[in-house]
Amino acid sequence: MRGLLQFTMDLFEGLGNEFAPPKPPVPRPSKKVKKKAPPPAAAPVADAPPPQDTADHPGPALPTIALRDTLTLASFVHPQAMRETVLGSARVAYEFKRGKRKTIGFVVGPEGLSVRAPRWVTLRDVDAAIQEKADWIIRKLLETRQRHARVEATRIEWKDGAEFPFMGEPVVIRLDPKHGFASVGGTLDDAGGDGTGPRILRLAVAQNAEPSQIRDAAQAWLMRQARRLFIERLDHFAPRLGVRWQKLSLSNAATRWGSASADGSIRLNWRLIHFRLPVIDYVVAHELAHLRVMDHSHRFWETVESVVPDYDLLRQQLKDEAVPRWG
């Protein structure tokens, strides 16, 4: 770390000396009697001494290219970082742990880069392995940062007028406490007579309700829609795959969209209701296919493809599309 800091200081010092204008020569003292000086004339710009660097007088501008190429580094810092390195144009501070393993491993998650190494591997070998994987590490760090930014951009502010996707289409919440909506808590209307614009979800919630109350009412409505739709799609795909499902449970898992058990139990994340129907169908078919093949072998993917031919494209959309942030 000390060496890296010293390098940075040297870099700044070099830039300052390289591009600073030359200092004017210091006049030698003269023993001659000074004559009365004529009225002062404006000094030529070339002979003017450089001003001090202050907020009002920032000093001579440095060349843009030099600054961009040498001073601007992307930064990725893991909260538990213990070591850091420079990969291309990025500074990466990473978590480092040793353990009982045979190889050096890399994991890029929401918090940043984690490196695992055997106890007998030297730090020099760890550094060399990181440099060898530099392109992959930076690509994954950038993808993770972009994904996080997309998720943050979808954070819902729970109030009248809040918007979120329902089966791939935008829906706007309107608080309507005067109606009970036949004990289901809400109803989905068209935006207007012309059918343009987002649809309106009217919730039986007071205008002065707390954000958590609005969120809970919207979630309850969405979960009812999800259960109804999931059962419909399970019944659609099960006969085509030659399987029978026995029980459906809705999950709220942070990292899994679904799971299947050999006894025919299916778990599906209710947040799938935010996606378009083809994406939902892919997840439903995926879990039903596990009732025939309980692994992810080539035979399993052939089973999925038999009912969802473009499953690979839909699988990628499931990974790429940001799910609304409900927190």
Side-chain angles (χ1 to χ4, degrees), residues 1-8 72-152 154 251-262 267 269 271-272 279 282-283 286-287 289-290 293-304 311-323 325 327:
M1 178 69 73
R2 185 175 181 179
L4 179 60
L5 290 174
Q6 183 62 47
F7 171 79
T8 306
T72 303
L73 293 178
S75 183
F76 302 92
V77 181
H78 193 287
Q80 281 77 49
M82 290 162 281
R83 292 176 57 80
E84 71 174 46
T85 186
V86 174
L87 302 180
S89 60
R91 167 180 168 264
V92 180
Y94 58 92
E95 180 189 36
F96 178 68
K97 290 185 178 181
R98 293 186 181 274
K100 294 182 179 180
R101 52 180 302 131
K102 297 181 179 180
T103 60
I104 300 173
F106 305 91
V107 177
V108 176
E111 294 184 323
L113 172 65
S114 297
V115 180
R116 304 289 186 267
R119 292 189 174 92
W120 50 267
V121 171
T122 66
L123 291 178
R124 180 178 296 179
D125 290 338
V126 172
D127 291 338
I130 292 174
Q131 292 295 330
E132 184 179 349
K133 288 286 187 180
D135 290 344
W136 179 87
I137 292 172
I138 295 301
R139 185 173 72 253
K140 290 301 180 182
L141 286 171
L142 287 171
E143 290 175 356
T144 302
R145 176 172 288 182
Q146 292 167 359
R147 187 179 301 111
H148 178 74
R150 291 198 303 270
V151 170
E152 286 300 313
T154 63
S251 79
N252 194 30
T255 58
R256 300 188 66 178
W257 289 116
S259 63
S261 301
R267 290 179 63 86
N269 196 314
R271 296 174 191 267
L272 283 167
V279 176
Y282 157 68
V283 179
H286 181 117
E287 301 311 330
H290 276 311
V293 186
M294 294 298 290
D295 56 36
H296 286 105
S297 62
H298 182 69
R299 177 168 164 256
F300 167 80
W301 291 113
E302 285 183 338
T303 303
V304 176
Y311 78 89
D312 202 29
L313 176 63
L314 297 171
R315 182 187 182 197
Q316 192 61 46
Q317 290 179 10
L318 187 64
K319 292 180 179 180
D320 293 341
E321 294 182 18
V323 182
R325 185 78 177 266

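Keep in mind that what you see is a predicted model, and the values were worked out from it rather than measured.
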Legend entry - Sub-6.0 Å ring centroid separation between Phe300 and His286: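 Ring centroids of Phe300 and His286 are less than 6.0 Å from each other.
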Check [X] against [Y] and note the closest heavy-atom contact, atom names and distance.
X: Asp125; Y: Ile104; value: O-CD1, 4.0 Å
X: Arg256; Y: Ser259; value: NH2-CB, 3.6 Å
X: His78; Y: Ser114; value: NE2-OG, 3.5 Å
X: Lys102; Y: Pro118; value: C-CG, 3.7 Å

Quick one: [atom1] on [X] to [atom2] on [Y], what's the gap to the nearest 0.5 Å?
X: Glu84; Y: Ile130; atom1: CD; atom2: CD1; answer: 11.5 Å
X: Arg299; Y: Glu302; atom1: CZ; atom2: CD; answer: 9.0 Å
X: Ser75; Y: Arg145; atom1: OG; atom2: CZ; answer: 7.0 Å
X: Trp257; Y: Leu318; atom1: CH2; atom2: CG; answer: 5.5 Å
X: Lys140; Y: Phe106; atom1: NZ; atom2: CZ; answer: 14.5 Å
X: Thr122; Y: Asp127; atom1: OG1; atom2: CG; answer: 8.5 Å

Legend entry - Flag if over 12 foreign heavy atoms under 6.0 Å of CG, Asp135: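 No, the 6.0 Å shell around CG holds no more than 12 heavy atoms from other groups.
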Inset, instruction - Applying side chain to side chain donor-acceptor pair (under 3.5 Å), run through Asp320 and Gln316 and close with a yes or a no. - result: CA-CA 6 Å; Asp320 293 341; Gln316 192 61 46; 3.1 Å; yes
Inset, instruction - Keeping the roles fixed (side chain from Arg98, backbone from Val121), state whether a donor-acceptor pair exists under 3.5 Å. - result: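 Looks like yes, one N/O pair under 3.5 Å.
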Inset, instruction - Measure from the side-chain N and O atoms of Asn269 to the backbone N and O of Asn252, and report whether any donor-acceptor pair falls under 3.5 Å. - result: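 Side chain of Asn269 to backbone of Asn252: no pair is present.
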Inset, instruction - Would you check, one step at a time, whether the test side chain to side chain donor-acceptor pair (under 3.5 Å) holds for Arg267 with Ser251? - result: CA-CA 6 Å; Arg267 290 179 63 86; Ser251 79; 4.7 Å; no
Legend entry - Aromatic plane relationship, Tyr311 with Trp301 - under 30° parallel, 30 to 60° tilted, over 60° perpendicular: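 Aromatic pair Trp301/Tyr311 classed parallel.
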Legend entry - Electrostatic pair Lys319:Glu143 at N-O distance under 4.0 angstrom: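 Glu143 and Lys319: not salt-bridged.
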Legend entry - Test item: Glu95 and Arg83 side chains (from C-beta on) under 4.5 Å apart, heavy atoms: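 A side-chain contact is absent here, since even the closest heavy-atom pair is not under 4.5 Å.
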Inset, instruction - Using the side chain to side chain donor-acceptor pair (under 3.5 Å) rule, take Gln131 and Thr85 through it: C-alpha gap first, then chi angles, then the decisive distance, then the call. - result: CA-CA 9 Å; Gln131 292 295 330; Thr85 186; 3.3 Å; yes
